[in-house]
Every structure is written in structure tokens, then in C-alpha cells.
Amino acid sequence: MDITDILDPLNEAQREAVTVGAEPTLVLAGAGSGKTRVLVHRVAWLVRVEGVAPQHILAVTFTNKAAAEMRQRIEALLGYPTRNLWIGTFHGLAHRLLRIHAREAGLPETFQIMDSEDQLRMIRRMIRSLDLDEHEWAPRDVQWFVNAQKDEGLRPKDLKDEGNAGRRRMIDLYARYQRLCDEAGLVDFGELLLRTLELLTERADLLEHYRARFKHLLVDEFQDTNAIQYRWLRLVAGKSGIPFIVGDDDQSIYRWRGARVENLQHFQRDFPGTRIVRLEQNYRSTATILNAANAVIANNASRLGKNLWTDGGAGEPIRVYAAFNERDEAEFVVNRIQDAIAAGERRRDIAVLYRSNAQSRVFEEALLAAGIPYRVYGGMRFFERAEIKDALAYLRLIANRDDDPSFERVVNMPPRGIGARTIDIVRDEARRSGTSLWRAAAAVITQEALPKRSSNALWEFLKLVDRLDQDTRNLPLHEQVAHVIERSGLIAHYGKEPHGGGEARVENLEELVNAARDVIADEESDMPPLLSFLAYAVLESGAAQAGPYEDSVQLMTMHSAKGLEFEWLFMCGMEDGLFPHQRSLNDPEGLEEERRLCYVGITRAKRRLYLTYAEQRRLHGLESYATPSRFIREIPPELLEEVRPTMAVARPIYRPAFAGRDALPGGIRLGQRVRHGKFGEGVILNAEGSGAHARVQVNFERSGTKWLVLAYANLELM
DNA sequence: CATACAGACATAAAC
DNA sequence: TGTCTGTATG
């Protein structure tokens, strides 16, 4: 058997990982150490050398994009399609199981998935219907609470109020929300996982079946799994499954949305005899860049320990530029980008990274002015667009009339004279009789509880949806979609939107037809195409922007940069308060996560890295003065090179951090916690002036941010 | 029902 | 400061 194509491209550690026997394996894979390659080759090894049938393999990735890429690479290596090999995200796989076993899981066959926006709308509506104060019970907070519980695998009945009235109400809201979802046949992202877990826990026969099927469980980006995903993995693995997981504790940057790095440690505890393979050789960056990354991450206390190395050369020093303000920073970056392009660099190999999206603006303006094509990551995705969600809502109603959120979304879209008053009456009726809005609407019409005009309009809507359903029942999916966007009136509605704004929307709607054409049937779960398409639209929200092939400079947050690499990299806004972000300055765990994010950022760079910061920055409308990020100071100075502005300036460029602080009386420092008689507790953000005129900016927890004159404020240090 | 205006808010974002 | 949401107005 020829296995050279599997093993030859691998180094020794990679080869060890790919060829391990049937034992639980944990691959600690540093940035740029070839972890995707290891996963792909592991699958090929199992199939070709160990003779494992593809249906005995389950591979879990972090995103759909990664799943698609992995499947494609596996097929390229194996040389044939891998139909029975399950590859997907935890959510995608859970959805598949729930479709196959909807009945056993207590769901209607036509159940629909809600994205976070749908979920938020639903919670907001619920809070209103309960006449709760939306400030005290902010829908966002409730949503956060519900999702956090689900991520931990907890149902309302598992939660105790601990004698806390607020918590008791939260638990109650969670329970009510869940009831609403169940009644409407709706499943949120967390529910996909939780339901599946419960299904497999309760149904020993199913569990046994899937345990027998999925012998090999491969999980990528394991450091980003949450509690329930890990329980899921353990459950499916059981005693006989062989988990092969790949992760990097230093790249765990999603703690804030439930990811548990500890799962890496737990894994070793829960699967005794775990074989650990470390991939530490980096093929991406210069030694200088790697050393900087290593130096920064070394400041984190809780690590499994790992040191990246390369046999490549030192390369260039890392450039640090201190800008006057954010516009100077952008101008500097754009000038360097022009240099790079002039030197023959491709635009797509250049990226500008920042901590938060709001920072993109200045760079966009500067790039626009310079006429350099760029692409901003993030923002509105295809399936999140209003017109697309409208069209999907019609389709969802066709599939399931009881989908209340979809009903509310399009009952008056396009406008057909059904106002807030009418909807209120329908809603009241639904609540009174405990049915869906759809049924309530029909009831309200027969009861003649509405003015003639509204009643007719409502009747027209019900007829419309029924007609759309009937007329398209036997059409291929994409024709069904085309029919629906046309006959629902959405096309006409958006087409006549003023100032040509509707044109793009109409194009998007037409694009939806194409998307429907491309949907591939899932033979295994023999899901109806419409249901399959609707699920796809929620689970795979689509790229934020089209135009992929124009060669353009990449702008994105440090988070979105994970997994990517660039020849030239700019990390901007390297200021304490921006990066690390303000909200993590007082929290050691938060700070460690920021540091990991910095590590992720630095290790994206292949050849040249710039770190820039602005000494003065306009933020939320007011000027603030910043100190360079502590992360810059964590890089050994010999790896850095200051870049001076082209104009001569009569001041030190790379000011030592916290210069000027000494001038503040009373031992006050930035970041210091203080208490004020009236405003309560807060943190010093900024300071200016000295002596009797010294003022400090304090961010009070209760009263917001204020400038105070030190001499009068009587701040108590904490 | 569309548009204008006021007010709140401002970390990251896949599924 | 800019964006988004909700409400007031014509």
C-alpha cells in the first residue's frame, strides 16, 4: 500500500499524531503548526491504512467553512467522495440527529431553528406581553441568561433561585421562553445541543446505535468547546469511542461566549491514558515574530505549556509606530500598505487587525482616499439581511403555520393594512386560547372581532400563505423560492423602495433563489428540501460580503483573524484600554484572554509585523489619551524597532509607558480603583494636568464616566 | 404607514 | 461620534 502521500508531507510530531493507535489522543497544536493538515491526514490514515469505514468517523469543526474545507481536503487526499463521513459543527451534527429523530426528541417534524436575532425578538415580545419593565429585564440579559444555562446543559428545573428574587424571575422567564419555543416548534442554537444530549441520554437504544457507529471522534479547535459540547463528546464516545482532539489553550479566545479551556485538562482526566502530542514547529512566521508571540503569552499563568519554534531565519524586526492620533495611525498604515504594494505584495496578503469593529472606519476612509481596494470582515451576513429573513419567514410559515415569530415578521410585510391594533387583538386571542398566532388569526376572523377592513386584510394574508403553499408544493425548491418572493409581493415592495436602495435588496432576493438551487439533499436524514434549506440558512449564515476575488487589503478584528495568515500584518490601536480592552483591565482572567488574543494576532503574521498605537484618540465623541498597550512592553525590546514619523517632531516618540503619571498627586495611577462619596466605585481611565489642576477621568460603575478635579474629588484609593 | 427625530449605547461573534 | 431603536408626527 502506498502511504507516502499521507506521511511524506508531515514532520515527526505530525506523523506521530496521524499514526497513533486506537487510544484517546490530545494534539496540542501551536499556531501555524499544521493542525488542519494533521486532522485531514489522520482521517486518510484511518480510512486507507487502518481500514476504518468512513461511516465510523465523525469530525467536528468550529465553523461550517472549516468543515467544508476539511471535507474537500480529505476527498482530495483519498481521491473519492466521502459521503458517509460525518463532518460538521456541533450544531450542524446535532441538527441532523434531531431531524432524523424529531419524534423521539419530542419535536414536530417541521421544527425550525432560530438564530440569535429571532431569539432576541421572541424574548422581547415575551417580556412585553408580561408587562415587565424592559430596562429592569433587558431582553439582551434574559437572552444571555438563557443561553448561558443551555451552554451548561441546564434546564429551568435544574436551577435554584438561591433565595434571590431576581434570579427566580430569570429562571421563570427561561421556563416561559422555553414553553413558547416548544409551542411554536422552534429550537434555538443552545437547544439543538441540549435536546440531542437529552435524547441520547434518555434513549439507550439510540445511544448504543450511535456509539457503535461513531468509533472515531475527531474534534478541531477543542479549546473553544463549551460545557455541553464536551458532555456531548463524552456521551457519544462512551467507553469504546476513540477521541482525537486538536486544540491550543493559548488560542482560546471565546470564554465570553461559553468556551471552556478547562475542557483540555478535563479531557486528560476523563480519558485516562490520553496520548499527548505537541506540535510546536511553526511553518508560518519568522523567528522574531514567534519570539515576540512566545514572550507575550509567557505572561499568562494558566497554560498547558508549549513553545513555538521555527527553523527559519530571524527576519525583520517588528515595527512599532506611535501615532499622534487615530487619523495619523491610519495614514501611516496606508502609506506602508502602498510601500508593500509597490514592492509587489498582493493586497490580499496584507491585513489590518483591530480589537473592535468601530476602529475600522478610519482605516476605511484612508484606504478609500488612497484608492486601495479593501474588504472589511464582519457585519451583516447574507442570511441575516432583512429582505432575506422576510422571504425565509414566508417559507417557514409554509413549512409550519405555528411559527409565531415568522408570522409576526411578515403578517404586514409588505404592508397590507394590518396594523399594531389588529396584531394586538390576534395576540390576545392567541394567549387566551393558548394557540399560535396563525390559529388565533383565523379564530378572530370567524368571531368577527375585528373591523371589516382589518379582518379582510388578515384574511388575505392567511389565504396568501395557504396559496403559496399549495401552488408550490410540487415545485423544485428553487422554483418554490422564486414563486414565494414574487407572489408574496416582496420583490415588488423592495423594488419600489426610494433612492435605488431597494435594488440591492431585490438582487439579494434573487440570489436566494440561486442559493436554493445549490442546496444538496441530505440523503441520510431524507429531510425535505425546504426544511433542509431553511436549516442551512440559519446554521450557515453566509459570508458577509461577496466580491471574493478582487485582490483587496483585509480589515478585520483580531477575533476574525483566527485561523488566517498574512505576509504583512498591522495590529492597530495597541493601547491599554482598547487592547487589552477596558472591560478586562480589572479582571485577571479577562486580561489573560486578551493576551491570548494578542498571541493569536501576532502569530497571524508571516513576514512583517507592525504594531501601532495612537497617543490621542477620539472615542465615543471625546478625546482621550492612552498609554501603549502593556502587550507591547511584554515583547523583548530587541525584537522591536521604533518607526519615526516622516516629519521631524520635537518630542520623544516611544514614550515609556505611564510617563507623566508620577506627576499625579496622591499615588493615583491609571487603572486604579477608587471610591467617590457620591458616585461610588470606579476606575481611573485617564489623567491630565498636574498639581492643583490635575484632573482624572473615572469610570464609575453606577454613574458612568466623569472628569473630576483631584484636589476636590476626595477620592479614596481602593 | 413612512419619515423624522430623540435617546441610548458603544468588545469580540459562530452556530 | 456614529449607529441603531423606538416613538411621535404628518
Side-chain angles (χ1 to χ4, degrees), chain A residues 60-67 88-95 113-121 124 128 134-135 138-140 147 150-151 187-193 221 224-226 228-229 252-259 326 353-362 365 377-381 383-384 386 412-422 457 493 496-499 535-544 556-563 573 577-585 587 590 593-594 596-597 600-601 617-624 699 704-705:
Chain A
V60 190
T61 58
F62 193 55
T63 64
N64 287 301
K65 196 172 152 226
T89 61
F90 277 106
H91 292 89
L93 298 166
H95 170 248
I113 310 171
M114 267 189 296
D115 67 16
S116 359
E117 193 197 317
D118 301 336
Q119 184 188 36
L120 184 62
R121 283 167 173 276
R124 181 174 293 131
R128 282 185 193 160
E134 274 183 73
H135 291 283
R140 282 200 172 282
N147 290 337
K150 290 194 176 187
D151 280 350
V187 169
D188 59 42
F189 288 129
E191 188 70 17
L192 284 172
L193 303 176
E221 305 278 15
D224 286 321
T225 52
N226 63 28
I228 194 163
Q229 289 166 337
S252 164
I253 54 176
Y254 288 110
R255 189 178 69 111
W256 52 275
R257 66 179 202 213
E326 73 278 5
L353 305 190
Y354 33 78
R355 175 65 233 268
S356 55
N357 284 309
Q359 288 167 256
S360 75
R361 173 185 237 94
V362 223
E365 285 166 359
Y377 277 67
M380 188 64 68
R381 290 152 164 271
F383 288 108
E384 291 167 0
N412 197 34
M413 187 68 207
R416 52 175 68 87
I418 300 173
R421 181 84 195 102
T422 307
H493 172 73
K496 63 170 193 266
E497 228 176 49
H499 2 273
Y536 170 82
V538 187
L539 289 175
E540 165 84 77
S541 49
M556 69 188 83
T557 63
M558 310 234 184
H559 282 89
S560 351
K562 192 171 115 178
L578 257 190
F579 189 41
H581 192 269
Q582 194 61 53
R583 289 158 99 120
S584 35
L585 288 181
D587 161 26
E593 178 142 315
E594 295 285 297
R596 291 193 291 269
L597 185 56
V600 167
R617 180 181 294 273
R618 199 171 188 111
L619 258 184
H620 310 318
L622 37 102
E623 297 290 339
S624 55
N699 182 19
T705 305

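A note on names: the letters A, B, ... follow the listed sequences, proteins ahead of strands, and every chain is numbered from 1.
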When you check the phosphate oxygens OP1 and OP2 of [N], does a side-chain N or O of [X] lie under 4.0 Å from one of them?
X       : N       : result
S116(A) : dC15(B) : no
R124(A) : dG6(C)  : yes
N64(A)  : dC15(B) : yes
R140(A) : dC4(C)  : no

Counting the atoms with a prime plus P, OP1 and OP2 as sugar-phosphate, which does [X] contact under 4.0 Å by heavy atoms, base, sugar-phosphate, or nothing?
X       : result
F90(A)  : nothing
R128(A) : sugar-phosphate
N412(A) : sugar-phosphate
L93(A)  : nothing
G417(A) : sugar-phosphate

Selected nucleotide, minimal atom distance to [X] side chain, candidates [options]:
X       : options                  : value
N357(A) : dA13(B), dA2(B), dC15(B) : dA13(B)
R618(A) : dG6(C), dT1(C), dA2(B)   : dT1(C)
R361(A) : dT3(C), dA13(B), dC15(B) : dT3(C)
S356(A) : dT11(B), dC1(B), dA13(B) : dT11(B)
S560(A) : dT1(C), dT11(B), dA13(B) : dA13(B)
R381(A) : dA13(B), dG6(C), dA14(B) : dA14(B)

To the nearest Å, give me how far apart [atom1] ([X]) and [atom2] ([N]) are.
X       : N       : atom1 : atom2 : answer
Q359(A) : dT1(C)  : CD    : P     : 18 Å
E117(A) : dC15(B) : CD    : P     : 16 Å
E540(A) : dA13(B) : CD    : C1'   : 15 Å
R583(A) : dA10(B) : CZ    : P     : 7 Å
E221(A) : dA14(B) : CD    : C1'   : 11 Å
Y536(A) : dC15(B) : OH    : P     : 11 Å
W256(A) : dA12(B) : CH2   : P     : 8 Å
Q582(A) : dC9(B)  : CD    : P     : 18 Å

Reading DNA chain B from 5' onward, which residue's closest nucleotide shows up sooner: H581(A) or L192(A)? H581(A)
Between H559(A) and F189(A), just flag the one whose closest nucleotide in DNA chain B comes earlier from the 5' side.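 Of the two residues, H559(A) wins.
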Would you call the rings of F189(A) and H91(A) parallel, tilted or perpendicular if under 30° counts as parallel and over 60° as perpendicular? perpendicular
Any donor-acceptor N/O pair under 3.5 Å between [N] base and [X] side chain:
X       : N       : result
T63(A)  : dC15(B) : no
H620(A) : dA10(B) : yes
R355(A) : dA12(B) : yes

Kindly compute the distance separating CG (N226(A)) from CZ (R255(A)), expressed to the nearest 0.5 Å. 14.5 Å
Do D224(A) and K562(A) sit within salt-bridge range, that is, some charged N less than 4.0 Å from a carboxylate O?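 Looking at D224(A) and K562(A), the cut-off is met.
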Would you call R618(A) and E326(A) a salt bridge, taking side-chain N to carboxylate O under 4.0 Å as the test? no
Whether H91(A) stacks on the six-membered ring of dC15(B) base, 5.5 Å and 30° limits: no
Is the aromatic ring of Y254(A) within stacking range of dA12(B), meaning centres under 5.5 angstrom and planes under 30 degrees?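 Taking the rule of under 5.5 Å and under 30°, the ring of Y254(A) does not stack on dA12(B).
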Evaluate whether atom OH of Y536(A) has more than 12 neighbouring non-hydrogen atoms of other residues, nucleotides or ligands under 6.0 angstrom away. no
Is there a side-chain contact between K150(A) and L193(A), using heavy atoms and a 4.5 Å cut-off?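 No. Closest side-chain heavy atoms not under 4.5 Å.
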Applying the Watson-Crick and G-U wobble criteria at under 3.5 Å, what pairs with dT11(B)? Answer none if nothing qualifies. none
Where the side chain of N412(A) meets the backbone of I418(A), is there a donor-acceptor pair that is under 3.5 Å apart? yes
Given the C1' atoms of dA12(B) and dT5(C), what is the spacing between them in whole Å? 22 Å
